[in-house]
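One structure is given below, encoded as structure tokens.
One is the number of the first residue; the rest follow in order along the sequence. None of these values were measured; they are calculated from a predicted model.
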Amino acid sequence: MKKALLLFAVALFVVSCQGPVGPEGPQGYGTNWKIISLIANPNDWTEHVDQNSQNRYYSCHFSTPEINTMVFNDGSVSTYFLDNAVQQPLPYVRHYQDTNGAFWTKTIDYDFSIGSMNIYVTNSDFAVDPPTTTMNFRVVLMW
């Protein structure tokens, strides 16, 4: 009798848990993402120097309406430099030496605000050396 009662209770429990599926709830924070591809051509870069024509760097401005108030205040923006089918997270820092033995470092970094983004290229020797090739970037937004 105890086995029959236990079997009946288990069957009742399984049947009582079934029913129609309700509507999907609203998406919460941390469940949304979007990828933006940015291309900077050589003529897109703007040279910047200080009042003494020193501390040279280059910037490229992008309109990014996807970076809205919610993404800016409550989300995350990660940017990658695409170099030979490899994604390098920014800041990208590489050290170089030329044939004359001179050393320098190239740094690529970024900042963003609501609706826009800037990418910067700075050479540690501050030489007049703007980017001369097309540069591709991948921006990942999460909120």
Side-chain angles (χ1 to χ4, degrees), residues 3 5-143:
K3 287 183 183 179
L5 186 58
L6 179 63
L7 192 56
F8 177 73
V10 170
L12 183 62
F13 177 73
V14 171
V15 171
S16 67
C17 292
Q18 295 178 353
V21 176
E24 185 175 333
Q27 288 187 327
Y29 285 105
T31 60
N32 303 298
W33 56 275
K34 182 171 182 66
I35 296 174
I36 305 168
S37 296
L38 301 177
I39 299 172
N41 294 305
N43 59 348
D44 295 335
W45 296 95
T46 302
E47 180 183 50
H48 302 271
V49 293
D50 63 16
Q51 65 273 13
N52 297 321
S53 295
Q54 295 179 331
N55 302 309
R56 179 174 284 105
Y57 66 93
Y58 300 90
S59 71
C60 187
H61 178 79
F62 297 94
S63 173
T64 52
E66 299 89 348
I67 302 176
N68 57 28
T69 303
M70 182 187 302
V71 172
F72 185 81
N73 291 327
D74 299 321
S76 175
V77 177
S78 299
T79 305
Y80 302 84
F81 171 50
L82 304 178
D83 186 25
N84 296 322
V86 174
Q87 295 185 47
Q88 297 283 330
L90 297 186
Y92 168 92
V93 179
R94 288 292 180 267
H95 309 287
Y96 298 96
Q97 179 180 10
D98 66 16
T99 55
N100 298 325
F103 297 98
W104 78 96
T105 300
K106 176 180 285 192
T107 303
I108 304 172
D109 60 324
Y110 69 102
D111 64 20
F112 61 91
S113 60
I114 296 170
S116 68
M117 171 176 258
N118 295 298
I119 296 184
Y120 303 97
V121 174
T122 306
N123 297 309
S124 63
D125 61 0
F126 301 111
V128 178
D129 187 18
T132 57
T133 60
T134 298
M135 299 174 76
N136 294 293
F137 300 93
R138 180 176 183 258
V139 180
V140 179
L141 308 176
M142 293 176 279
W143 67 97

Note to self: Within a 6.0 Å radius of atom CD1 on I39, are there more than 12 heavy atoms belonging to other residues, nucleotides or ligands?
What the structure shows: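 No - once you tally the heavy atoms of other residues, nucleotides and ligands closer than 6.0 Å, there are 12 at most.
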
Checklist line | Neighbour count above 12 (heavy atom, 6.0 Å) for N84 CG | finding: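 Atom CG in N84 is not packed in, count stays at 12 or less.
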
Below 4.5 Å, heavy atoms only, C-beta onward: do [X] and [Y] meet side chain to side chain?
X: V128; Y: E47; value: yes
X: V121; Y: K106; value: yes
X: I119; Y: I108; value: yes
X: Q88; Y: R94; value: yes
X: M117; Y: Y110; value: yes

Find the distance between [atom1] ([X]) and [atom2] ([Y]) and round it off to the nearest 0.5 Å.
X: W45; Y: C60; atom1: CH2; atom2: SG; answer: 5.0 Å
X: D125; Y: R56; atom1: CG; atom2: CZ; answer: 10.0 Å
X: Y80; Y: I35; atom1: OH; atom2: CD1; answer: 9.0 Å
X: D74; Y: W143; atom1: CG; atom2: CH2; answer: 12.0 Å
X: S37; Y: L82; atom1: OG; atom2: CG; answer: 7.5 Å
X: S76; Y: W33; atom1: OG; atom2: CH2; answer: 14.0 Å

Notebook entry, point to check: Who pairs with N118 by side chain to side chain donor-acceptor pair (under 3.5 Å), at least two apart in sequence or on another chain?
Noted result: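 H61, D111.
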
Note to self: List the residues meeting side chain to side chain donor-acceptor pair (under 3.5 Å) with S113, not counting sequence neighbours, and say none if there are none.
What the structure shows: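 Per chain and number, S113 pairs via side chain to side chain donor-acceptor pair (under 3.5 Å) with S116.
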
Check: Are D83 and Y92 close enough, and set up right, to give a side-chain contact (heavy atoms from CB on, under 4.5 Å), and what steps lead you there?
Finding: CA-CA 10 Å; D83 186 25; Y92 168 92; 3.7 Å; yes

Notebook entry, point to check: What pairs with Y57 under ring-ring contact (aromatic ring centres under 6.0 Å, His included), at least two apart in sequence or on another chain?
Noted result: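 Counting only residues at least two positions away or on another chain, Y57 forms a ring-ring contact (aromatic ring centres under 6.0 Å, His included) with H48, Y120.
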
Item checked: Partner residues of F126 under the ring-ring contact (aromatic ring centres under 6.0 Å, His included) criterion, sequence neighbours left out ->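 Result, ring-ring contact (aromatic ring centres under 6.0 Å, His included) vs F126: none returned.
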
Could you go through residues 132-141 and list every donor-acceptor pair under 3.5 Å that involves a side-chain atom there, pairing it with any protein atom two or more places apart or in another chain?
from	atom 1	to	atom 2	distance (Å)
T134	OG1	N41	OD1	3.2
R138	NH1	Q87	OE1	3.1

Note to self: Can you list everything that forms a side chain to side chain contact (heavy atoms under 4.5 Å, CB included) with T107? Sequence neighbours excluded, please.
What the structure shows: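 V93, T105.
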
Margin query: Check whether D98 reaches the backbone of N100 with its side chain - one donor and one acceptor, N or O, closer than 3.5 Å.
Written below: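 Checking the backbone N and O of N100 against the side chain of D98, a donor-acceptor pair under 3.5 Å is found.
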
Margin query: Would the distance check show the side chain of D50 and the main-chain N or O of S53 forming a donor-acceptor pair, the cut-off being under 3.5 Å?
Written below: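 Between the backbone of S53 and the side chain of D50 there is a qualifying donor-acceptor contact (under 3.5 Å).
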
